[in-house]
Every structure is written in structure tokens, then in C-alpha cells.
K.L.:
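Mind looking over this structure? Questions follow.
All ligand and atom numbering here is 1-based and tracks the order in the structure.
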Amino acid sequence: MSANPFEGYYNEKEKQEGGNLDAHDESLLLSTKEILSKATPSLEYCTVSVEETIDKLNTNSKTGLSSVDEADHRRKEYGPNEISVEDDESLWKKFLSNFVEDRLILLLIGSAVVSAIMGNLDDAVSITLAIVIVVSVGFVQEYRSEKSLEALNKLVPAECHLIRGGQEAHVLASVLVPGDLVCFRIGDRIPADLRIVEAVDLSIDESNLTGENEPVHKVTTAINKESYNYDASGIVPLSDRTNIAYMGTLVKEGHGKGIVVGTSTNTTFGAVFEMMSSIEKPKTPLQLAMDKLGKDLSLFSFIVIGFICFIGIIQGRSWLEMFQISVSLAVAAIPEGLPIIVTVTLALGVLRMAKRKAIVRRLPSVETLGSVNVICSDKTGTLTSNHMTVCKIWCLGSMTNKNNVLDLQKTKDVSFKNYLTDDVRATLAISNICNNASFSQEHGKYLGNPTDIALLEQLSKFDLEDNRPNVNKVHEIPFNSKRKFMASEIIEQDGSHVLYVKGAFERILDESTTFLNEKGKIEKLTNAQKATITDCANTLASEGLRTLAFAKIHMKDSEIVEKLTEDMVKDLTFTGLIGMSDPPRPTVKPAIEQLLQGGVHIIMITGDSENTAVNIARQIGIPVIDPKLSVLNGEKLNEMSDEQLANVIDHVSVFARATPEHKLNIVRALRQRGEVVAMTGDGVNDAPALKLADIGVSMGKMGTDVAKEASDMVLTDDDFSTILTAIEEGKGIFNNIQNFLTFQLSTSVAALSLVALATLFKLPNPLNAMQILWINILMDGPPAQSLGVEPVDHEVMKKPPRRRTDKILTQKVLRRLIGTAACIIIGTIYVFVKEMAEDGQVTARDTTMTFTCFVFFDMFNALACRHSTKSIFEVGFLTNKMFNAAVGLSLLGQMCAIYIPFFQNVFKTERLSFGDLIFLLFVSSSVFIIDELRKYYDKKKAQNDPSYYSLV
Ligand SMILES: Nc1ncnc2c1ncn2[C@@H]1O[C@H](COP(=O)(O)OP(=O)(O)OP(=O)(O)O)[C@@H](O)[C@H]1O
Ligand SMILES: [Ca+2]
């Protein structure tokens with residue numbers, strides 16, 4: 001599913017087998033290594049300087065390619081930056097190969113040939129026709145399955161920040177051409193092979209290319225080629241090209257810019273992708289289970305068929321007839337369509353989920369969804385809208401205590417210019433300058449970190465403008481979730497260096513020793529004043545506001561060095577606090593209510609402060625009964641062992657001030673307890689935990705590429721409530737699979753038993769070979785498939801999650817299956833014997849009655865299988881259009897088989913009277929009526945037994 005060639009493959013491997021590579025994988029790794037040492041443009045450009053790169057590619061390191069025309073021109077030459085996987089086998093070939101690949105079909109062809117040789121032309125033609133139909137139906141289904149799987153691959157297109165002609169815009173990565181200038185920052189996925197031209201504290205995770213887990217520190221300086229001459233190939237290894245950002249790798253720290261040097265298959269990633277895509281995707285556990293089930297059933301059927309054949313021949317029946325019957329029985333009884341239907345059902349389910357804004361990146365997740373019983377969610381961006389607005393500003397000098405806060409929300413549409421005392425002015429200046437959001441002309445708004453955007457957007461309320469173009473910024477410590485602050489070093493007009501800092505209020509306050517008063521004077525910060533600041537910050541936070549503190553420091557000459565480090569951020573001068581609101585999404589509260597009802601435990605894990613977190617948790621209905629028990633913050637977490645954490649985690653519903661490691665530990669602790677954990681997140685800080693969780697869920701709009709890459713599912717509307725939809729669909733898909741299994745297997749068992757019983761009791765065969773093949777099409781084909789697209793029943797959410805270890809063929813399903821099969825067998829034999837008894841021999845009319853009876857039974861059976869517990873009258877006859885079409889067509893087909901002379905010849909049938917049909921409908925509806933009664937009875941029992949749902 002994923003755009004990362006290794007991920008789909010190795011991840012599943014790891015999840016399934018604990019990371020052991022077999023011989024096949026080894027050889028794969030070897031050819032991968034070969035490809036990795038191939039000469040791509042990145043090899044050429046890593047040894048030349050930035051200036052030369054720009055020269056060679058005729059571009060500009062500040063404004064990018066000069067024009068769109070130029071870019072179009074280059075695209076004609078290099079093609080789009082996409083890696084497409086073309087399947088060059090023609091449809092016809094694929095279709096024909098289906099005839100020879102299936103051994104049973106070959107046998108059938110053999111029997112047709114034998115019939116022809118023996119002069120039985122009628123039979124030969126009929127069987128051939130039947131074979132063509134069986135293969136065609138199978139082929140169409142397989143083709144559909146492939147097409148829907150392909151569609152899945154296109155669901156998450158890569159995007160990037162492009163600068164062309166000096167304009168910055170957010171575009172699809174496919175438009176990139178060599179020479180384009182691309183910006184990237186922490187959390188982004190690199191869209192093409194880039195020669196880095198600007199790097200701020202930049203490190204990139206290349207583990208998906210090199211397998212190296214440590215992120216690589218990246219710079220702009222050229223690599224000296226001479227030093228690699230000792231190597232026979234003279235090639236600079238991938239991991240040494242420190243000025244190249246490779247397509248598909250992830251920015252772990254900092255930000256930068258790069259010039260595109262290689263696109264699509266001219267990149268290392270592209271080369272690897274091409275190779276990997278030729279490898280079949282690993283199957284999901286469910287698909288594997290189905291394959292195994294199919295094999296077991298085949299073995300079982302072969303034994304039964306062998307037995308039938310043996311007895312038949314002993315009884316002196318014709319060889320040819322027994323052979324034909326056996327082979328068609330084998331074709332019918334073996335649910336060769338099963339794995340395909342499972343795949344199509346999963347794939348169609350996934351496409352349906354995509355329409356409902358949840359994109360599943362890995363098929364196995366669909367199965368896991370129904371088992372999720374804990375959801376860990378980050379706060380910002382998932383539970384809240386991630387659109388921040390500055391609400392309150394507070395400075396110690398101007399406002400002295402917490403009751404005196406500047407509230408920007410109170411009065412709308414006025415300028416707050418008059419409130420610009422020196423400390424407020426300084427706070428706003430820091431919020432402006434220590435900021436990385438950028439304005440996009442094309443989008444007409446700021447792009448970047450939402451906190452940063454909010455800080456820039458408020459400037460206009462004070463009639464201030466973005467002052468960054470006039471400022472000389474030399475160094476920066478970028479924000480990340482672990483350090484929880486950001487610092488920029490500025491050279492002022494007088495040549496002095498000043499450090500501007502903003503971040504989580506505890507972090508800033510801890511390092512502050514002085515404060516700026518309303519007159520712009522620096523005063524010593526007393527402990528009492530610190531307490532006042534903390535008190536005010538906590539008050540803002542308990543109103544649900546994200547509270548940041550701002551500070552600065554004039555750097556001493558001795559401190560002015562090449563690199564800015566974290567330990568230089570101390571002895572700060574505190575200037576003020578800013579509180580910004582980020583309201584919960586309106587849909588979250590009802591979703592949480594439903595999830596809680598369905599027995600899912602919800603935990604909020606956030607980098608924000610305790611008070612903010614609790615306020616938001618209460619707003620959205622996450623139970624915080626006793627904050628002492630239910631809330632844990634990062635500091636306390638640090639002191640806990642994994643064991644202690646596992647012990648208390650049951651009561652905790654909010655984790656605050658959590659770092660990426662904390663998130664990881666929490667998910668691990670939960671998984672160790674055997675919970676099936678879904679974890680949502682949008683940031684780089686969430687990625688490790690997303691990966692570890694049973695289902696990682698990332699945000700498609702505002703989420704970082706790192707998070708998306710690590711996740712199993714992407715929510716395209718960033719809305720937590722979409723998880724609910726996804727779980728619902730996941731459960732629904734699972735139920736559907738169970739339902740069509742019941743249908744297919746009961747038909748298969750019935751057909752097999754019918755012929756076996758007839759043989760055993762020395763009766764003539766109730767169904768001939770062609771009839772059995774037709775039944776096979778019904779059971780493996782459209783009616784079964786249509787059961788797979790049954791719309792979800794919203795009540796599944798009231799049932800508790802399925803246990804991970806639960807089998808798909810539960811006792812309940814088996815019992816139902818056998819009951820249904822028994823009913824079909826008894827009914828069909830009754831009709832057969834009754835018809836036979838009338839004239840004492842088997843005529844075409846007798847088999848036509850039996851055949852039609854069986855088909856009618858099957859259609860009623862399909863109707864009963866639409867839901868396992870609900871009556872069809874509750875489900876509604878018209879809710880599954882595909883089902884009605886499939887059954888309608890099947891019945892029409894059956895009528896053709898009885899009434900059209902040509903088909904009468906093929907199937908050896910005769911016309912039946914209207915009364916016959918009514919009689920058959922009457923008999924065959926018994927399977928449906930009995931199942932309706934069972935459902936009614938079960939429901940009655942359920943109403944008396946509150947624990948019923950846990951048994952479903
Ligand atoms: N751009 C920024 N510059 C400086 N400090 C920031 C910035 N963004 C956030 N912070 C501070 O760091 C803290 C943690 O932020 P982080 O992004 O790790 O988590 P979060 O987004 O609040 O939480 P969640 O995990 O729920 O998404 C914030 O509460 C805030 O105080
Ligand atoms: Ca976040």
C-alpha cells in the first residue's frame with residue numbers, strides 16, 4: 001500500500017515473523033544493494049558545489065526555476081516525477097493463462113476431449129461452454145481485484161513546497177523537474193533527489209534506503225571525490241553523500257532547501273521501487289487464513305470425491321460419467337474463488353473507507369480495526385482543529401497579576417495599538433521573529449507550524465507587520481517536541497547578537513533570571529514573581545489555551561560562536577505569555593461517546609501542559625474523574641518503570657507534556673497487556689508510537705509526512721471521528737466476509753454431500769456435470785461477491801471489539817453453515833426422490849427439478865446470509881443493490897437454462913410448468929424461513945441475556 005518500497009514488504013514480514021529473512025529476501029537484499037550503488041544524478045551532484053549545481057541546472061538557489069514555461073519544457077524532457085508500475089502483460093494473455101494454470105480446468109478440458117473422441121459431441125460442447133463461463137467469471141473477478149488494489153496505491157499522493165520564480169506554493173510532488181527549488185522542514189518526506197543548498201540543523205532519516213537507523217546530519221558543502229578514489233568503483237556511498245536529500249527519506253530535524261537533481265526513476269528510491277514492485281505484496285493474515293482454509297477444503301473435497309468415484313465405479317457406473325462428475329464436483333466444491341473474493345471485499349471495503357475519509361495504507365489493518373480496544377490520541381490537530389488563534393497576552397510588568405490579562409477576543413475589530421507597552425511589544429517581536437511560518441502568495445495565507453501561524457496572524461491586531469525581511473537571522477535552534485522551545489539568533493542593527501526564544505512556559509521560565517518591564521527595563525526576577533507567572537500560565541492553560549512563554553537575551557561576545565547550542569539558552573529575560581485557543585472539533589465529542597459505549601478505552605497523549613489537556617479532555621467527554629489518578633505528566637512518567645506504568649495505565653486517561661519516547665512507552669505498555677492499540681498522531685513526535693501501535697493513524701491534511709509514512713491509516717479530513725467510521729467499516733467488512741463464507745461453504749458442502757449420498761444409496765446422479773459447474777458460478781461468483789459489499793450495520797459499534805485471536809470460522813458460523821447445508825440436502829433429495837418415484841426412472845425432468853431446486857435453495861440461502869443476526873425485514877430488501885442484481889441475474893440465467901432450447905441442450909434440461917416453479921420456491925424457501933426463525937429466537941434470547949453481545 002505504501003509509497004515506500006521497503007515498507008510494505010519488510011514491515012509485514014516483521015510483524016508476521018519477527019523480522020527473519022528467508023533466502024528469497026536475502027537475494028532481494030543483494031539486488032537492492034546493486035541498485036543502491038548505481039550511478040544516479042545524486043552521485044554526480046554530491047561532489048560539486050552549490051554554485052556549480054545551480055550553474056549546471058540553470059536555476060537559482062533563492063527563487064528557483066525562472067518560469068513555468070521552463071519547467072514545462074523540462075517536464076517534456078524528463079517526464080513527470082512519478083514512479084508508475086506498468087503491467088505489460090496483455091489482458092488476452094492473462095485470460096488464456098487462466099485456462100492452463102488451473103489443473104482442474106485442464107482436467108475438465110481433458111474430459112471434454114475424451115467425450116468428443118468417444119463420439120459424445122453434445123457433452124464435449126457443453127463442458128467446453130461451461131469451462132469458458134467458469135474461467136471468464138473468475139477472470140473478471142480477478143481483474144477487478146487487481147484494479148481495486150491498484151486504486152488503493154493512488155490514494156495518498158506525495159506533496160511538497162516548491163519555489164518557482166520566487167513564489168512559494170504547496171504542490172504535488174509529481175510536478176517537480178530537475179532544477180526546481182524545494183523547501184522542506186521537520187516531518188516532511190523528500191519529494192525527489194535534492195542537492196541541498198540550505199541546511200539548518202538538518203538531519204534526515206534514511207533508514208528506508210540504507211537501513212541505518214540513526215538520522216544523517218546534512219550539510220551543503222561538496223564532497224571531495226578524491227577521498228573516494230581508493231574504492232575501486234570510485235563511488236561515494238549513499239550514506240556519505242551528506243549534501244544530498246534522497247527521495248522518499250524523512251526530515252527528522254531542522255529545515256532546509258534543495259535543488260532537484262533527479263526525479264522519478266532517476267533517483268535511488270525510484271530504482272529500488274521499480275524492482276520491489278515486481279514482488280508480490282505480502283498477504284494479510286486473513287488472506288493467509290483463507291488460503292489455508294481453501295487448501296484444507298480442497299484436500300477434504302478430494303478425499304470425498306475420490307470416495308464417490310471409487311464407489312461409483314465399483315457399482316459399475318460409466319467411467320466417463322464418473323470422471324466428469326468428479327472433476328466438476330472438484331471445481332464446484334473447491335472454493336477457488338474464496339481468496340479472490342476476500343481480496344476484492346477487503347479492497348472494495350478500503351475504497352469505501354477512502355470515500356468516508358479514512359485511507360488504509362496496509363490491508364491487514366482492516367482486520368485489526370475491528371479488534372481495537374484502546375485508542376491513544378494526541379490532542380493538537382486530532383481532537384482539536386489545529387487552527388490556533390491568539391486569545392490572551394500577559395506580561396508581568398504591564399499587567400502584574402493573572403486577573404489583568406489582555407483579552408484579544410473580548411472586543412472585536414479594534415486595534416490594540418494602545419496596549420503596546422514595551423514588554424508587550426517585545427513579546428510580539430519575539431513571536432514574530434522566532435518564527436518559521438511563511439506566507440504563500442498562491443494560497444493567500446501562512447503555511448507552516450500552526451502555533452507559528454497564529455503568532456503571525458495576530459500581529460495585524462496591533463497594526464504591526466511581519467518584520468522578518470528586515471532582520472538578519474544567523475542561527476536557529478528549531479522547535480521539536482522533545483525540547484519544546486525554539487530559539488533564533490539575530491544580529492541587531494548595532495551589531496550585537498540577540499537570542500529570541502519561545503516555547504512551553506515551564507521550559508522558558510526555568511531558564512529565566514530577569515524580566516522585561518513595561519518601560520523596557522530589565523529587572524531581576526524574584527521567586528514570588530516567578531510564582532505569579534506560573535500561576536497566570538496555569539490559569540490560561542486551565543482555560544484550555546496553549547500557553548507559550550517568550551524571552552530573549554543579549555549574547556555576550558564570548559558566546560558568539562559558529563553554532564548555537566541548547567545550553568546557551570539560559571539566563572533569559574522573560575517578556576511575556578501568550579495563550580492561544582485551539583477548540584475541539586465538534587464531531588469529536590459524539591464519536592468519543594460512541595466509542596466509550598462500544599467498550600473502547602480512550603487515552604489522550606499530548607505534548608501540551610496538564611491543565612490545557614484536562615480542560616480539552618473534559619470538553620470532549622474523555623472521563624477525568626480524579627485528576628490525581630487520571631492524569632499523568634511527563635515528569636512523573638520519567639520516574640516510572642515500564643512495569644509501574646503498565647500497572648497504572650488502566651486508570652489514566654490523559655498524559656500531558658509527553659515526549660515522543662513517552663508516547664512510545666505508553667503504547668508499548670498497553671500492547672504488553674494484550675490490548676489492541678490504535679494510536680493517532682500528526683507530528684514527527686508521534687511517528688515512533690504510530691509505528692509501534694497495532695494501527696497507527698495519521699492526519700492527512702495537517703499531518704507531517706513522517707507521521708503518514710509511519711501510519712497504517714490516514715484520515716484525510718484530520719477528524720478523530722473518522723476513526724469511528726473506519727472501525728465501523730472494519731467490523732462490517734469482517735462480518736461480510738463471515739457471511740459469504742457461510743454462503744459459499746454451505747453450498748459447497750451441500751453439493752458435495754448430495755452427490756455423495758446419491759452414489760452411496762445407488763441412486764442415479766441428481767446433478768450432471770454442467771449443472772454442477774453452473775452452481776459453482778453462483779456460489780463462487782456474483783452472488784457471493786455481492787454479500788461482500790453489504791452496507792455496514794451501524795449497530796456493530798455497540799458490540800465489543802473482536803478478540804484478536806478469534807477465528808473467522810467460529811463455532812457459531814460452523815453450526816449455521818452445517819444447518820443450512822443439511823436443509824438444502826434434505827430438500828433437494830426430497831424433490832429428487834419424489835420426481836423419480838413418479839415414473840420409476842431418472843428423466844431429464846427429474847434432474848431439471850432437482851437442479852432448479854438446488855439453485856433456488858442457494859438463492860434463498862444467499863438472502864439469509866446477508867446478515868448473521870438480523871432478520872431480512874430489519875435489514876431491508878433493497879439495501880444491497882448489487883445483491884439484488886446478482887440474484888436477479890442468476891435466476892434469469894436459471895430460467896434460460898430451463899426454457900431456451902440451446903441451453904436445454906447444454907444443461908440437459910426440460911421446460912418446467914409454472915406450478916413446478918411455485919412448488920420448488922415453496923420447498924426451497926424453507927432454508928430462509930428456518931434461518932429467520934433462528935434469528936428471531938436468538939434475538940429473544942438476547943433480550944433476556946445482557947451478556948449476549950459479548951458472545952456474538
Ligand atoms: N512552534 C513552536 N515554538 C515553540 N514552542 C512550541 C511550538 N509549538 C509548540 N510549542 C510548545 O511545545 C509544547 C509541545 O508541543 P508538541 O507539538 O510537542 O505537542 P502538541 O502538538 O501540543 O501535542 P499533541 O501531541 O497533542 O499534538 C506545546 O505545548 C508548546 O508549549
Ligand atoms: Ca500533535
Side-chain angles (χ1 to χ4, degrees), residues 185-187 254-255 376-388 390 427 430-438 446 448-456 476-488 500-510 537-538 540-541 544-551 566 569 577-582 584-585 588 603-617 620 622 633-634 654-664 666-667 679-690 697-699 702-704 706-707 718 720:
R185 62 187 174 104
I186 179 166
H255 52 91
C376 297
S377 176
D378 71 330
K379 174 180 71 71
T380 321
T382 312
L383 300 171
T384 66
S385 60
N386 213 5
H387 184 92
M388 307 207 193
V390 171
T427 304
I430 298 168
S431 77
N432 176 198
I433 285 156
C434 184
N435 197 313
N436 276 331
S438 55
Y446 286 103
N449 178 319
T451 307
D452 285 357
I453 294 174
L455 292 173
L456 290 179
E476 176 190 315
I477 301 179
F479 168 76
N480 75 23
S481 297
K482 187 159 185 179
R483 71 169 71 99
K484 297 200 190 321
F485 71 81
M486 165 181 173
S488 304
Y500 286 57
V501 192
K502 77 175 198 296
F505 65 82
E506 306 97 310
R507 289 288 279 129
I508 303 297
L509 205 55
D510 281 351
N538 281 333
L540 293 178
L545 302 180
R546 158 173 294 212
T547 310
L548 257 62
F550 298 79
E566 258 183 67
V569 181
L577 298 172
I578 291 184
M580 43 193 107
S581 76
D582 179 17
R585 294 167 184 276
V588 167
I603 300 176
M604 178 200 279
I605 312 179
T606 175
D608 224 331
S609 71
E610 203 169 311
N611 290 317
T612 314
V614 170
N615 177 290
I616 301 284
I620 56 179
I622 293 181
N633 72 26
V654 175
F655 289 93
R657 285 290 185 232
T659 64
E661 288 81 56
H662 292 144
K663 296 195 180 191
L664 195 67
I666 295 164
V667 172
M679 156 98 203
T680 74
D682 56 352
V684 186
N685 54 339
D686 305 315
L690 289 177
V697 183
S698 65
M699 304 300 132
M702 301 285 250
T704 56
V706 172
D718 287 14
F720 180 83

K.L.:
Spell out, as yes or no, whether a donor-acceptor pair under 3.5 Å connects the side chain of R507 to the backbone of R483.
P.N.:
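Yes, the answer is positive, given that a donor and an acceptor are paired below the 3.5 Å cut-off.
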K.L.:
Below 4.0 angstrom from a heavy atom of A504, which ligand 1 atoms are there? Numbered from 1 as shown, please.
P.N.:
11 (C), 31 (O)
K.L.:
Using a 4.0 Å cutoff against the non-hydrogen atoms of N449, which atoms of ligand 1 qualify?
P.N.:
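Listed by number with element: 1 (N).
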K.L.:
Judged by atom type as modelled, is there a donor-acceptor pair below 3.5 Å linking the side chain of R585 to the main-chain atoms of L383?
P.N.:
no
K.L.:
Heavy-atom pairs closer than 4.0 Å: do any link ligand 1 to the side chain of T451, the backbone, both, or neither?
P.N.:
side chain
K.L.:
With a cutoff of 4.0 Å, is G503 in contact with ligand 1, counting heavy atoms of the residue only?
P.N.:
yes
K.L.:
Heavy-atom pairs closer than 4.0 Å: do any link ligand 1 to the side chain of T612, the backbone, both, or neither?
P.N.:
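Contact part for T612 vs ligand 1: neither.
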K.L.:
Are D452 and N436 linked by a side-chain donor-acceptor pair shorter than 3.5 Å?
P.N.:
no
K.L.:
What are the atoms of ligand 1, with element, lying closer than 4.0 Å to any heavy atom of K379?
P.N.:
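Listed by number with element: 24 (P), 26 (O).
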K.L.:
So that I can tick it off, tell me whether E661 and K482 are bridged by a salt bridge, with the cut-off set at under 4.0 angstrom between side-chain N and carboxylate O.
P.N.:
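Yes, charged N to carboxylate O under 4.0 Å.
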K.L.:
Please report whether ligand 1 has a polar contact with D686, defined as an N or O pair separated by less than 3.5 Å (distance criterion only).
P.N.:
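By distance alone, the answer is no.
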K.L.:
Indicate yes or no: at least one non-hydrogen side-chain atom of F485 is less than 4.5 angstrom from one of E566.
P.N.:
yes
K.L.:
Apply side chain to side chain contact (heavy atoms under 4.5 Å, CB included) to the pair N386 and M699, showing each step before the final yes or no.
P.N.:
CA-CA 11 Å; N386 213 5; M699 304 300 132; over 6 Å; no
K.L.:
Please confirm whether K482 comes under 4.0 Å of ligand 1, counting heavy atoms of the residue only.
P.N.:
no
K.L.:
Using a heavy-atom cut-off of under 4.0 Å, does the side chain or the backbone of D452 touch ligand 1, or both, or neither?
P.N.:
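Side chain only; the backbone of D452 stays clear of ligand 1.
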K.L.:
Checking the side chain of T547 only, and the main-chain atoms of L545 only, is there a donor and an acceptor separated by less than 3.5 Å?
P.N.:
yes
K.L.:
Using only atom types and a distance under 3.5 Å, with no angle test, would you say the side chain of T384 pairs donor to acceptor with the backbone of G381?
P.N.:
yes
K.L.:
Given side chains that start at C-beta, do those of N432 and L456 come closer than 4.5 Å, heavy atoms only?
P.N.:
yes
K.L.:
Identify which of S481, G607, A549, A658 has a heavy atom lying nearest to atom 18 (O) of ligand 1.
P.N.:
S481
K.L.:
With a 4.5 Å cut-off on side-chain heavy atoms, are D582 and M580 touching?
P.N.:
no
K.L.:
Using heavy-atom distances, let me know which of F550, F479, F485, F655 sits nearest atom 10 (N) of ligand 1.
P.N.:
F479
K.L.:
For atom 28 (C) of ligand 1, which candidate among R546, R507, R483 holds the nearest heavy atom?
P.N.:
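It is R546 whose heavy atom sits nearest to atom 28 (C) of ligand 1.
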K.L.:
Pull out every atom of ligand 1 sitting under 4.0 Å from any heavy atom of D378, numbered as shown with elements.
P.N.:
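Near D378, the atoms of ligand 1 are 24 (P), 25 (O), 26 (O), 27 (O).
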K.L.:
Could you tell me whether S609 and ligand 1 have an N or O pair separated by under 3.5 Å?
P.N.:
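So ligand 1 has no N or O lying under 3.5 Å from an N or O of S609.
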K.L.:
Considering only heavy atoms, does K663 approach ligand 1 within less than 4.0 Å through its side chain, its backbone, both, or neither?
P.N.:
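Looking at K663 and ligand 1, just side chain atoms fall under 4.0 Å.
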